[in-house]
Structures are given as C-alpha cells and as structure tokens.
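Single-structure report; data block below.
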Amino acid sequence: MLACLPIGRFIRLGDVAVKSTNLLWRCAFVRNFVAYADHMFDELPQRDLSSLNSQLSCYLRTGNPNGTLALFLEMYRGSSDLSSHTFTPVLGACALLSYPETGRQVHALMIKEGAETGTISKTALINMYSKQGHLVDSVTVFESVEEKDVVSWNALLSGFLRNGKGKEALGVFSAMYRERVEISEFTLSSVVKTCASLKILQQGKQVHSMVLVTGRDLVVLGTAMISFYSSVGLISEAMKVYVSLNVHTDEVMLNSLISGCIRNRDYKEAFLLMSRQRPNVRVLISSLAGCSDNSDLWIGKQIHCVALRNDFVSDSKLCNGLMDMYGKSGQIVQASTLFESIPSKSVVSWTSMIDAYAVNGDGVKALEIFREMCEEGSGVLPNSVTFLVVLSACAHAGLVEEGKECFSMMKEKYLLVPGTEHYVCFIDILSKAGDIEEIWRLVERMLESNNMNIPCAIWVAVLSACSLNMDVTRGEYVARRLMEEESGPENASIYVLVSNFYAAIGKWDLVEELRGKLKHKGLVKAAGHSSFI
DNA sequence: TTAGGGTTAG
C-alpha cells in the first residue's frame, strides 16, 4: 500500500484549496480553515515542538479539530521539525472532519519524516482510515504493525464495527482470542455494540458474562449492555441491568434506557424515567428516532411538546429528528414547516426533507427540494445518503430520466462513489423502465472493473429485473451465479428469490428442486459450540 | 500521542 501513497504528489496543505479538484475538500477548506490560520498562534507563550504538540491535541480534545489542522498548517509552513506526537492529533482531526485526501497526505508526510513507525502512530492511522471508510487501508496498516497491542487490535475491531462489518468485527474478536491478546474493557464495549448491531442474542449474553467477570468500567459497559438488550427487544433485561448497577445519576445510562423504552414501546416507563432528570436534547433526539421507526405520531407529538416546554426547538439536530418523525408518520405539512424553520440547514435536514416527500409518494417534490439543495446558495453538498434517498424517490415515482441524471451527477459532479445500495436502486429504476439492456451494460462494466466480483445484493436486483422483464437467458445465468455463490441456510431468501424466478418462467421442476434443498438445509443444525472460540 | 457507553437522514 505504501507504494501507492501520493508522496510524489504531496502538495502543501495551504495550496490544496487552489489545486485540488475535489469539490468537497475545497468547500470544507475555505469555510473552516481561513478564519483559524490568521489569528490563533501569536498568543502562544512557548513555541517549542513539545508545547505545540500539546496544543494540537488540546484543540482536538476540546472539540476543535479545525484548530488542530490550522496549527499543523502553521507548523508545517514555519518549521520542518515534526514528530510522531505532531501527527497523531492531526490524524484524529482529519478523521473527524472527513478530509480524505488530507489524511492520505498527512500519512505521506509521516513516511517522509520517518514518523510512521511504532504501534501508537500506526494505531492512529488505523483509526483515521477506518473513520473515513477506507477499511482496506486501515487493515493494511494494521497488518504492518510489528508489535500489535490490545489498542491496535481494538482499533481494528471498532473500525469494522463502524463500517457496518459486524461479522468481520466478531472475526477480529476471535482472532484476538487465538492470538492470546489480553482483552480490555474497550474490546468488550465494541463487541457488545457489534452484537447489538447484528442483533445476536446468544453472543451478546456471552459477552455480558464476560463483562460481569471482568468487573471493570461497569457504568460504561452496563450502558452498552442496556443498549444491546434494548436493540434485541429485551427491554426487561435492559431494566434489570440498570437496576442491578444501582447507578441512577449517570445521564448517559439513563438516556440509553429511556430511548430503549421508547424503541420498545414501553412509553409509561420511558416517561417515568424521563421525570427523574431534567430533559436533555440527546434523549429527546434518540426517543424521536424510536418514534420514527415505530411511526408513532402520538408519542412523537408528546416529545415535541417536551422540547417546546424546555426551549429545545432551536437545536437543529432536534428539529431534524422532529422533521423525520413527522415525515415518517405521514405529516408532510408539519415536516415542511419545521424544515423551513431551521436557520442553518445541514445535509441531514435537506436529506430528511427529501426523504419525507419520497416516502409520502411525492417524488416530484422530493426532486424539487433536491435541486434546491444543489443550488450554490444552500451552503451544503449532497452526500451518498442524499443520493440514495433521491434515487429511491425516482424508483418509487418511476422517474427514469431524472434517476439516470442523478446517478451520473453523483459520480461526475460530486465525485461520490456509488455503493451497492445505489446500484441496487438504480437497477430498480432501469428495471421499471424495461431497460434491461442498460442494466446488462452496467453489469458488464462492473464485471470488468471489479475483477468479476459483484456483491450479492446487486445480483439479486439484476435477477428481479430479469424476472420483471422476462429475460430468461440472462436470468438463468444470474440465478446460477447466485446459487454458486450462496450456499448457507442463512441465505434462504436467495433460494426463495431464485425459486420465484424459475416459477415466473415456468420451470417448475427447478422450483421443486430448490424447495427441497431449502427444506434440507433448514433441517441441518449446527453443532453446539462457543460462538467466539 | 492510540481504542469504549446515550443524538438526527439510507
């Protein structure tokens, strides 16, 4: 990987705003940096390397990553004296601000300065890459760590978790056992969260036992356990954890339990718990998310009232939550009124509003808001979630040309790489328009560029398209590929899909064969064993 | 100087 890094292309940070063609970077740079660079450093009493490094991490710790980057820029301009202690907070700031190119450039500079070696520096790189979604780079750095410690392992584990790779995160946990790494409370915390994201009850209970055995950081780990039990629908178990810990003053823990109660529709308990502390913005936002998921307008309105009484409605994140709740409950007028009331609309505000129109069946209005967002005056740029929402709106409303336009705009104007979900959505748009030829051209391009490796979800979308458009030959090809690649009983939905395709084209013998196989697989039970070891 | 618990959009 190191050979691929842009050392030769390293540009002074100060010049990047002019030279980079990356639109996102350019906007972020102009908006955030210039104000800092001019004012902040003359007042520093000492300017030796050690005090400057402390200042860098101080900015980061106090929630001012722009300050970290601005000071680094100043140091880079004024001195060639940089140490590994300089780079770790800078990498943290890059990760926080989502400056992908800057992170790579800092990595390149670390190599140039000889500051890239050592477990701590490399762990900071593992985190930076994983926080920016570059898991492959993160893993490559991890593999290059000569003396891996529990922190570098934990960084790898939480990196997988952060990027939605729960199974891989559990794989890291197993590897830690194999390698006899002494796990820490940080490891357990990430594993609990992984179990929650995968909604795997048995493994989560196993980790709960480990938590009880270690007996460390029970407030933090207890909160993670409360979230876990809430997410698998066992709010009574979450409550037991809360009661057993006998810690009733920790706001984070109480917030977790309250939003868990809302998510599990235990409203009486939620409001009882809420009365134990002064309401705070965070608990209302997470409770609203629960209402959105449950489409529970009545409770959402109650929370809106609590927010009004406590003067929280000036908080734009809370407004986003309210807007989403109203949108998902079909109250488009209320959602729109809230949207208009937000003075500085973020990409989340815009995306929520677009989605509200989309899920209420008004694809045309969703596109109108999207276009408004893309105008220069809006001050925000659409991201990959925005495009997913817009493509989904086009798919549902049958807006084929608009969908095509958005898909190419995403790649060409906003330099965003479409993910699997975007392709699935786009294939759906083309399928509904009957354009199976265009779908196939897309598949062929993906086969060429991805070295024959296309995610299963995309093949599923293509097979649905073949089914809908009665393309028997290509459908059979896709069905064969899917059956070759997918073999576990956990993929029963693939069997059903392929079987439905054969039914649609009248090949009943194959339908029967598949149903037999599915039945057989369903009867095969795995031998009992520990889930992790 | 590195990792963990409760917030908003898919």
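Fair warning: this is a prediction, and the values are worked out from it, not measured in the lab. Letters A, B, ... are given to chains in the order of the sequence lines, protein chains preceding strands, and every chain is numbered from 1.
No donor-acceptor contact under 3.5 angstrom links the side chains of A/S352 and A/D355, judged on distance only.
Counting any heavy atom pair closer than 4.0 Å across all strands shown, A/N53 reaches no nucleic acid atom. Residue contacts shown for A/D217 include a base, since a base heavy atom lies under 4.0 Å away. Using a 4.0 Å heavy-atom cutoff across all strands shown, A/V389 reaches sugar-phosphate atoms only and no base atom. Nucleic acid contact class of A/K193 (heavy atoms, under 4.0 Å, all strands): sugar-phosphate only.
The side chain to side chain donor-acceptor pair (under 3.5 Å) search around A/T187 returns A/N154, A/S184, not counting sequence neighbours. Taking A/N310 as the reference, nothing meets the side chain to side chain donor-acceptor pair (under 3.5 Å) condition, with sequence neighbours excluded. Partners of A/E185 by side chain to side chain donor-acceptor pair (under 3.5 Å), not counting sequence neighbours: none found.
Note on residues 257-305 of chain A: pairs passing ring pair (Phe, Tyr, Trp, His ring centres under 6.0 Å), not counting sequence neighbours, are A/H304-A/Y326. Applying the salt bridge (Lys or Arg N to Asp or Glu O under 4.0 Å) rule to pairs touching residues 218-234 of chain A yields nothing, sequence neighbours excluded. Screening residues 155-165 of chain A for side-chain hydrogen bond (donor to acceptor under 3.5 Å, both in side chains) gives A/S130-A/R162 as the qualifying pairs, with residues at least two apart or on separate chains.
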Please tabulate, one pair per line, all N/O donor-acceptor pairs under 3.5 Å involving side-chain atoms of residues 251-261 of chain A, not counting sequence neighbours.
residue: A/N255; atom: OD1; partner: A/Q277; partner atom: NE2; Å: 3.0
residue: A/N255; atom: OD1; partner: A/N280; partner atom: ND2; Å: 3.3
residue: A/N255; atom: ND2; partner: A/N280; partner atom: OD1; Å: 3.4
residue: A/S256; atom: OG; partner: A/S227; partner atom: OG; Å: 3.0
residue: A/S259; atom: OG; partner: A/N255; partner atom: O; Å: 3.1
residue: A/S259; atom: OG; partner: A/S256; partner atom: O; Å: 3.3

Would you tabulate the side-chain donor-acceptor contacts of residues 359-366 of chain A under 3.5 Å, counting partners in other chains and residues two or more places apart, or write 'none'?
residue: A/N360; atom: ND2; partner: A/G327; partner atom: O; Å: 3.0
residue: A/N360; atom: ND2; partner: A/A356; partner atom: O; Å: 2.7
residue: A/D362; atom: OD1; partner: A/K365; partner atom: N; Å: 3.1
residue: A/K365; atom: NZ; partner: A/E368; partner atom: OE2; Å: 3.1

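Formation of a donor-acceptor pair under 3.5 Å by the A/K411 side chain with backbone atoms of A/V417 is not found in this model.
In the region residues 219-228 of chain A, proximity to DNA chain B at under 4.0 angstrom, judged on heavy atoms, holds for A/V219, A/V220, A/T223, A/S227. Within residues 241-253 of chain A, the residues having any heavy atom under 4.0 Å from DNA chain B are, by residue number, A/D250, A/E251, A/V252, A/M253. For residues 284-291 of chain A, proximity to DNA chain B is found at A/I285, A/S286, defined as any non-hydrogen atom under 4.0 angstrom from a strand atom. Shown for residues 310-328 of chain A: residues whose heavy atoms fall under 4.0 angstrom of DNA chain B, namely A/K317, A/N320, A/D324, A/K328.
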